[in-house]
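Inspection log for the structure reproduced underneath, given as structure tokens.
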There are 2 protein chains.
Amino acid sequence: MQPSSQMLKGILEGAILQIIQQGDIYGYALHEKLAALGFGDIPEGTIYPLLLKLQRNKLIIGVRRPTGNGPDRKYYHLTDEGEKTLTIFQQQWHQLVQAMTNLNQGDESS
Amino acid sequence: MQPSSQMLKGILEGAILQIIQQGDIYGYALHEKLAALGFGDIPEGTIYPLLLKLQRNKLIIGVRRPTGNGPDRKYYHLTDEGEKTLTIFQQQWHQLVQAMTNLNQGDESS
DNA sequence: GCGGAATACCTTGTAAAGCAAGATATCTTA
DNA sequence: TAAGATATCTTGCTTTACAAGGTATTCCGC
């Protein structure tokens, strides 16, 4: 399994799928979680459009819920398609790490 | 050191800088080396424009050399700027791997 | 009650990454 | 002399990620 061209770009997409898999979450909290994990301050102008794209592609589903305490939140969960896509992403990520490790070790076998 | 937005996209750029650092190389051989390391079949339509951009940005310098045996090759080596950029990339890559590891371990401490 | 801060979501337009497709040229081998 | 391997480059496209800004809700201090 080789890192696809998508992999080289869309690491954020895979990371977000995985966070959602670990428990339903909404955009604003995702923003904080990414920072807490060490991904840096991913701006909302990146996160929200990406969530909408993932939903358009039927990898996640968003459900708007009132909080009684501030504006509504849109909680997202994975679809079966999303689970499959996440699995493929994880394999590609692993392969990318392997390739980078090979590079660091001046290794060309695998 | 947080993975910059560049990092999320431009992993290929860092990988290529590192390969060049390990020894002068030309585009066509780079293509084969990336495949051998496990980066997949990065097309030439990706590699050559990227090399030209790196040169434009003064991170690498290309020197055309005849082979006496086939078309000329353009061997690239790093500039001082390129060395510095590579060091930063390596730190960012390490941070990204750390963040992904945290994610896998459901960990939010760093 | 009013203003500001925090929370929460979204849109528009832009820059850059990576790729597909194809052009060009050299040398070797059949 | 034709085909194939080697070697580089260009044009135009799609997608990623971001900057900048807009909207709405609730809470807190004054």
Side-chain angles (χ1 to χ4, degrees), chain A residues 2-17 24-35 39-57 59-76 85 89 92 96 99, chain B residues 2-17 24-35 39-57 59-76 85 89 92 96 99:
Chain A
Q2 290 180 335
S4 69
S5 72
Q6 279 299 108
M7 160 94 332
L8 296 177
K9 279 199 206 171
I11 287 175
L12 195 55
E13 174 174 320
I16 286 179
L17 285 178
D24 291 14
I25 195 169
Y26 56 101
Y28 195 84
L30 193 52
H31 169 75
E32 293 172 330
K33 180 118 185 173
L34 284 166
F39 284 95
D41 181 27
I42 311 295
E44 296 173 4
T46 296
I47 291 177
Y48 288 114
L50 179 46
L51 286 171
L52 293 175
K53 190 203 77 174
L54 290 173
Q55 183 164 41
R56 223 164 39 241
N57 295 350
L59 303 185
I60 62 177
I61 293 173
V63 180
R64 190 167 216 107
R65 288 216 292 267
T67 60
N69 176 10
D72 292 358
R73 296 171 177 170
K74 237 172 103 181
Y75 282 86
Y76 288 96
T85 302
F89 164 75
Q92 289 174 337
L96 178 60
Chain B
Q2 291 179 336
S4 71
S5 70
Q6 278 300 105
M7 159 94 333
L8 296 176
K9 276 198 206 172
I11 289 176
L12 195 55
E13 174 174 321
I16 285 178
L17 284 179
D24 292 13
I25 194 168
Y26 55 100
Y28 195 84
L30 193 53
H31 169 76
E32 294 172 329
K33 180 119 186 173
L34 284 166
F39 285 94
D41 181 27
I42 311 294
E44 296 171 4
T46 296
I47 292 177
Y48 288 114
L50 179 46
L51 286 171
L52 293 176
K53 190 203 75 172
L54 290 173
Q55 183 163 41
R56 222 163 40 242
N57 295 350
L59 304 185
I60 61 176
I61 293 173
V63 181
R64 189 165 217 109
R65 288 216 292 268
T67 60
N69 176 11
D72 292 359
R73 297 170 177 170
K74 237 170 102 180
Y75 282 86
Y76 288 97
T85 301
F89 164 76
Q92 289 174 337
L96 178 59

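Side chains included, hydrogens not; waters and symmetry mates left out as well; all remaining heavy atoms used. Here is the naming used below: chain letters follow the sequence lines, and residue numbers restart at 1 for every chain.
Distance, A:Y75 OH to C:dT7 P: 13 Å, rounded to whole Å. Whole-Å rounding puts the A:R73 CZ to C:dC9 C1' distance at 12 Å. Remark: C1' of C:dA8 and OH of A:Y76 are 11 Å apart, rounded to the nearest angstrom. When rounded to the nearest whole Å, the span between CG of A:L54 and P of C:dC10 equals 13 Å. In this entry the distance linking CD of B:E13 with C1' of C:dG18 reads 12 Å, nearest Å. For the pair B:I47 CD1 and C:dG22 P, the computed distance is 20 Å after rounding to whole Å. In this structure, the CG atom of B:L52 is 17 Å from the P atom of D:dA7, given to the nearest Å. Regarding B:L17, its CG atom lies at a distance of 15 Å from the C1' atom of C:dA17, rounded to whole Å.
For the side chain to side chain donor-acceptor pair (under 3.5 Å) test, residues two or more places apart in sequence or in another chain that qualify with B:Y75 are B:R73. Listed by chain and residue number, nothing satisfies the side chain to side chain donor-acceptor pair (under 3.5 Å) test with A:Y48 (two or more places apart in sequence, or in another chain). For the salt bridge (charged side-chain N to carboxylate O under 4.0 Å, His left out) test, residues two or more places apart in sequence or in another chain that qualify with A:K33 are B:E108. When the salt bridge (charged side-chain N to carboxylate O under 4.0 Å, His left out) test is applied to B:R56, no partner is found at least two apart in sequence or on another chain.
Nucleic acid contact class of A:G27 (heavy atoms, under 4.0 Å, all strands): sugar-phosphate only. As judged by a 4.0 angstrom heavy-atom cut-off over every strand, B:L51 is placed among residues making no nucleic acid contact.
Side-chain N/O atoms of B:Y26 include one lying less than 4.0 angstrom from OP1 or OP2 on D:dA7. Within the 4.0 Å cut-off from OP1 or OP2 of C:dT7, at least one side-chain nitrogen or oxygen of A:Y28 is found. A close approach under 4.0 Å does occur between a side-chain nitrogen or oxygen of A:Y48 and OP1 or OP2 of C:dC9. Under 4.0 angstrom from either OP1 or OP2 of D:dA17 there lies no side-chain N or O belonging to A:K53.
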Next on the checklist: As a quick check of understanding, evaluate side chain to side chain contact (heavy atoms under 4.5 Å, CB included) for B:I11 and A:I11, giving each step before the final call.
Outcome noted: CA-CA 10 Å; B:I11 289 176; A:I11 287 175; 3.3 Å; yes
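In this structure the side chain of A:V63 never reaches within 4.5 angstrom of the side chain of A:Y76, judged on heavy atoms. Contact annotation: the side chain of B:L51 approaches that of B:L30 to within less than 4.5 Å [non-hydrogen atoms, C-beta and beyond].
DNA chain D is contacted by both B:A29 and A:E44; B:A29 maps to the nucleotide lying nearer its 5′ end (nearest heavy atom per residue).
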Identify each atom pair where a protein N or O and an N or O of nucleotides 24-29 of chain D are less than 3.5 Å apart, giving names and distance.
none

